[in-house]
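Because only heavy atoms are used, hydrogens play no part in the values below, and waters and symmetry mates are left out as well, while side chains stay in. Remember, predicted model here, so these are calculated numbers, not experimental data. Positions are given from 1 along the sequence.
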Amino acid sequence: MPEDHDWEAYKVPPTRTPVSERTTSVPNPVNFFQSAFSYVIDAPVTFVREWIERWQSKNKFYYYHQKFRRVPDLSQCLDGDYLCYYEAEAQWRRDRMVDQEIVEIIRERTAACKQREGPNQFQNCAKEMELLAQVTKAYQDRYGELGYHGNARTCLMKQKHRMMEERKAAQ
């Protein structure tokens, strides 16, 4: 629609509310309170916020994942080196959390593929299902049967026993 209407062609009926004409010399108290609020509260807050934003724009902080250095495995720690034991335990916990997230991501991808494909899921999602089976088996081999209170030492002992069983089966 054009912005400039032909007011002669489309006449607007007169409004019923009369135009108020100011007949008093007393100022409106609403205007006084609005300007007082603007100068007393809004202006200082706005100034401080803009100052903080200018300061933060100079010092950009990028949020990246925290990167930890790899520490020696528990099998590489010397006897009585409790700091090495602690660091190896913390590293093992981080590795376990990462492996849990990997399994969860693959599981979500498989579920999304199954949902997307519907009745053809066995044909079209075979690659995702195979990957999920491999990842789950690897996670179960490493962390399975440790329970909630599993730690790096019990995991290392479990892997040692599994390796001994594999050697015995190979002979």
Side-chain angles (χ1 to χ4, degrees), residues 1 33-171:
M1 289 187 91
F33 286 120
Q34 283 179 346
S35 62
F37 175 80
S38 174
Y39 288 119
V40 173
I41 295 175
D42 188 40
V45 169
T46 304
F47 173 75
V48 169
R49 180 174 179 225
E50 288 174 354
W51 179 77
I52 290 173
E53 286 177 352
R54 279 195 309 268
W55 182 75
Q56 286 178 345
S57 68
K58 292 177 187 174
N59 302 326
K60 286 279 187 191
F61 184 75
Y62 298 100
Y63 295 97
Y64 292 115
H65 296 291
Q66 188 174 3
K67 294 181 181 177
F68 296 98
R69 63 177 179 84
R70 295 297 293 187
V71 297
D73 193 37
L74 194 62
S75 63
Q76 299 169 350
C77 292
L78 300 175
D79 285 339
D81 190 3
Y82 296 106
L83 182 60
C84 184
Y85 293 163
Y86 177 77
E87 287 179 343
E89 183 71 29
Q91 181 71 50
W92 180 82
R93 286 192 180 136
R94 287 193 296 269
D95 289 343
R96 185 177 184 180
M97 286 193 309
V98 167
D99 291 342
Q100 284 174 347
E101 288 298 318
I102 289 171
V103 170
E104 189 61 33
I105 288 170
I106 299 297
R107 185 176 293 135
E108 287 174 1
R109 286 182 185 172
T110 305
C113 182
K114 287 180 180 180
Q115 177 70 26
R116 182 180 61 244
E117 296 300 330
N120 298 331
Q121 63 182 334
F122 298 110
Q123 296 169 352
N124 298 341
C125 299
K127 185 171 65 172
E128 285 86 358
M129 293 168 76
E130 179 64 29
L131 182 62
L132 178 64
Q134 290 174 357
V135 168
T136 307
K137 185 181 182 318
Y139 182 83
Q140 191 66 24
D141 287 346
R142 185 166 183 187
Y143 303 109
E145 300 172 2
L146 291 179
Y148 180 75
H149 299 289
N151 57 15
R153 185 174 301 270
T154 57
C155 183
L156 183 65
M157 291 301 119
K158 179 184 174 198
Q159 290 174 359
K160 181 188 81 163
H161 293 306
R162 191 183 68 214
M163 284 175 50
M164 290 171 60
E165 288 174 4
E166 288 175 356
R167 283 184 186 172
K168 191 181 284 185
Q171 291 175 352

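In terms of heavy atoms, Cys77 sits closest to Ala88 at SG-CB, 4.4 Å. Contact record, Met129 with Gln121: SD-O, 4.2 Å, taken as the closest heavy-atom pair. Heavy-atom minimum distance, Gln140 versus Glu145: NE2-N, 4.2 Å. Nearest heavy atom pair, residue Gln91 against residue Arg70, reads NE2-NH1, 2.5 Å.
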Review item, side-chain donor-acceptor pairs of residues 37-49, under 3.5 Å, at least two apart:
from: Asp42; atom 1: OD1; to: Thr46; atom 2: OG1; distance (Å): 3.3
from: Thr46; atom 1: OG1; to: Asp42; atom 2: O; distance (Å): 2.7
from: Arg49; atom 1: NE; to: Glu53; atom 2: OE2; distance (Å): 3.3
from: Arg49; atom 1: NH2; to: Glu53; atom 2: OE2; distance (Å): 3.4

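Taking the side-chain contact (heavy atoms from CB on, under 4.5 Å) definition, one finds that Arg167 meets it with Met163, sequence neighbours left out. Gln56 meets the side-chain contact (heavy atoms from CB on, under 4.5 Å) test with Ile52; sequence neighbours excluded. Partners of Arg54 according to the salt bridge (Lys or Arg N to Asp or Glu O under 4.0 Å) rule, which considers only residues two or more places apart in sequence or in another chain, do not exist here.
When atom types are taken as modelled, the side chain of Gln76 and the backbone of Asp73 share a donor-acceptor pair closer than 3.5 angstrom. One N or O on the side chain of Thr136 and one on the backbone of Leu132 form a donor-acceptor pair closer than 3.5 Å.
Applying the salt bridge (Lys or Arg N to Asp or Glu O under 4.0 Å) test to pairs two or more places apart or on separate chains, those with a residue in residues 106-132 are Glu104-Arg107. A disulfide (SG to SG under 2.5 Å) check over residues 106-139, counting only residues at least two apart or in different chains, returns the pairs Cys113-Cys125.
Side-chain contact between Leu74 and Trp92: absent, with no pair of heavy atoms (C-beta onward) separated by less than 4.5 Å. Between Lys158 and Arg162 the shortest side-chain heavy-atom distance does not fall below 4.5 Å. When side chains are defined from C-beta on, Tyr85 counts as touching Asp79, because their heavy atoms get closer than 4.5 Å.
For Glu166, the CD atom is densely surrounded, since the number of other residues' heavy atoms within 6.0 Å is greater than 12.
Note: Arg94 CZ to Glu89 CD = 11.0 Å, rounded to the nearest 0.5 Å. Note that CG of Leu156 is 10.0 Å distant from CG of Asn151, once rounded to the nearest 0.5 Å.
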**Prompt:** After noting the C-alpha distance and the side-chain angles of Arg96 and Gln100, does the key distance pass the side-chain contact (heavy atoms from CB on, under 4.5 Å) rule?
**Reply:** CA-CA 6 Å; Arg96 185 177 184 180; Gln100 284 174 347; 3.8 Å; yes
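Between Tyr139 and Tyr143, the two ring planes are tilted [angle within 30° to 60°].
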